[in-house]
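The next block holds one structure in the form of structure tokens; read it before the comments.
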Amino acid sequence: MLEIYIDLFITFFKIGLFGFGGGYAMLSMIQYEVVEAHNWLNVAEFTDIVAISQMTPGPISINAATYIGYTVTNGNVFGSIIATFAVCLPSIIIMVCMCRFFFLFKNNRYVAAALLWMKPAAIGLIAAAALLLMNSHNFIDWRSIVIATFIFILSHFFKIGIIRLIVVAGLTGYLLF
């Protein structure tokens, strides 16, 4: 039983350490580790956890780690605590170190260049997460594509707020399905 907690800690520590670009950029790494490498969840369960993580307040990577830790340990809250702590710990360590040295090196051309090159990498990771979520579990049939397109148009062209878009998407899904 202790082995699952150690595996959870190592897995989510690694995700937290190498997952640059925020929670959505980490999704492909989380999916690989949880579904493919460890076989803790199947794709449908992972997709459900991502959906729940998006709806609850807080960063998606922390929410996903919490739900996955709970699910993998068969409803044990300690699994949630371990996974959540492990995904956050690398960021805490890195931020403490970076805050200490950032002001000393902020005008260094190598540091500026590294930060400049991290932006496109983060965008690529977010795009990979979007492509990861475009699967048969999320887009069931033509109605799902209609809802996604409709919400995109409302968001992009009419600048409607996210809360209203969630309500519109929910009502449209209720009417179509």
Side-chain angles (χ1 to χ4, degrees), residues 1-102 105 110-111 113-140 144 148 151 162 166 169-170:
M1 187 67 175
L2 181 62
E3 184 178 314
I4 190 69
Y5 296 109
I6 293 170
D7 286 345
L8 266 174
F9 181 85
I10 291 170
T11 299
F12 279 98
F13 185 85
K14 183 170 52 173
I15 290 167
L17 186 61
F18 297 111
F20 290 99
Y24 288 103
M26 290 181 183
L27 280 181
S28 58
M29 189 178 217
I30 294 172
Q31 189 264 346
Y32 172 78
E33 290 291 334
V34 172
V35 175
E36 296 174 27
H38 293 287
N39 202 25
W40 287 332
L41 303 171
N42 61 40
V43 175
E45 291 170 324
F46 180 75
T47 302
D48 291 342
I49 285 176
V50 169
I52 291 169
S53 298
Q54 289 175 329
M55 290 187 296
T56 53
I60 190 168
S61 58
I62 294 173
N63 292 343
T66 303
Y67 290 120
I68 291 168
Y70 185 80
T71 303
V72 167
T73 58
N74 296 320
N76 192 330
V77 175
F78 192 61
S80 294
I81 293 168
I82 291 290
T84 303
F85 177 71
V87 82
C88 294
L89 185 60
S91 297
I92 293 168
I93 294 169
I94 290 169
M95 286 307 299
V96 167
C97 293
M98 285 185 70
C99 286
R100 184 174 173 95
F101 295 107
F102 180 71
F105 299 108
Y110 299 111
V111 172
L115 291 174
L116 181 68
W117 283 98
M118 282 185 192
K119 290 177 187 177
I123 292 169
L125 290 170
I126 293 169
L131 292 174
L132 171 79
L133 294 174
M134 295 176 105
N135 57 41
S136 61
H137 298 287
N138 284 330
F139 291 96
I140 300 164
S144 300
I151 295 302
I162 190 70
I166 291 171

- Task: Please check if atom CD in E3 has more than 12 non-hydrogen atoms from other residues, nucleotides or ligands closer than 6.0 Å.
- Result: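 Count not over threshold, so no.
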- Message: For the CD atom of Q31 and the CD1 atom of I68, what is their distance to the nearest 0.5 Å?
- Response: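 One gets 10.0 Å once the value is rounded to the nearest 0.5 Å.
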- Item | Non-neighbouring partners of Y24 that pass side-chain hydrogen bond (donor to acceptor under 3.5 Å, both in side chains), sequence neighbours left out |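 Per chain and number, Y24 pairs via side-chain hydrogen bond (donor to acceptor under 3.5 Å, both in side chains) with no residue.
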- Task: Not counting sequence neighbours, which residues clear side-chain hydrogen bond (donor to acceptor under 3.5 Å, both in side chains) with N76? List them please.
- Result: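 Per chain and number, N76 pairs via side-chain hydrogen bond (donor to acceptor under 3.5 Å, both in side chains) with Y5.
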- Query: Would a 4.5 Å heavy-atom cut-off, applied to side chains only, mark I4 and W40 as touching?
  - Reply: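 They are in side-chain contact.
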- Task: Output all residues satisfying side chain to side chain contact (heavy atoms under 4.5 Å, CB included) with A148, sequence neighbours left out; order by chain, then residue number.
- Result: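 Testing A148 for side chain to side chain contact (heavy atoms under 4.5 Å, CB included), a comparison that skips the adjacent residues, returns F139.
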Salt bridge (charged side-chain N to carboxylate O under 4.0 Å, His left out) contacts in which one or both residues fall within [range], not counting sequence neighbours:
range	result
residues 61-83	none
residues 71-80	none
residues 64-82	none
residues 129-138	none

Side-chain donor-acceptor pairs under 3.5 Å in residues 48-56, sequence neighbours left out?
unit_1, atom_1, unit_2, atom_2, d
S53, OG, I49, O, 2.8
S53, OG, A64, N, 3.2
T56, OG1, I52, O, 3.2
T56, OG1, S53, O, 3.4
T56, OG1, N63, ND2, 3.0

Atom pairs and distances, donor-acceptor, side-chain atoms in residues 113-129, under 3.5 Å, two or more places apart:
none

- Which pairs count as ring pair (Phe, Tyr, Trp, His ring centres under 6.0 Å) when at least one residue sits in residues 43-68, sequence neighbours excluded?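 Matches after skipping sequence neighbours: none remain.
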- Shortest non-hydrogen contact from G19 toward M26: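 So the two residues come closest at O-CE, 3.1 Å.
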- Measure across N42 and V35 and return the closest heavy-atom pair with its distance rounded to 0.1 Å.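 Heavy atoms only, the tightest pair is O-CG2, 4.0 Å.
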If you look only at distance, which donor and acceptor atoms sit under 3.5 Å apart when one is on a side chain in residues 9-18 and the other is two or more places apart or in another chain?
unit_1, atom_1, unit_2, atom_2, d
T11, OG1, D7, O, 2.7
T11, OG1, H38, NE2, 2.9
K14, NZ, E33, OE2, 3.1

Got a list of side-chain donor-acceptor pairs under 3.5 Å for residues 79-99, not counting sequence neighbours?
unit_1, atom_1, unit_2, atom_2, d
S80, OG, T66, O, 2.9
S80, OG, Y70, N, 3.4
T84, OG1, T66, OG1, 2.6
T84, OG1, S80, O, 2.7

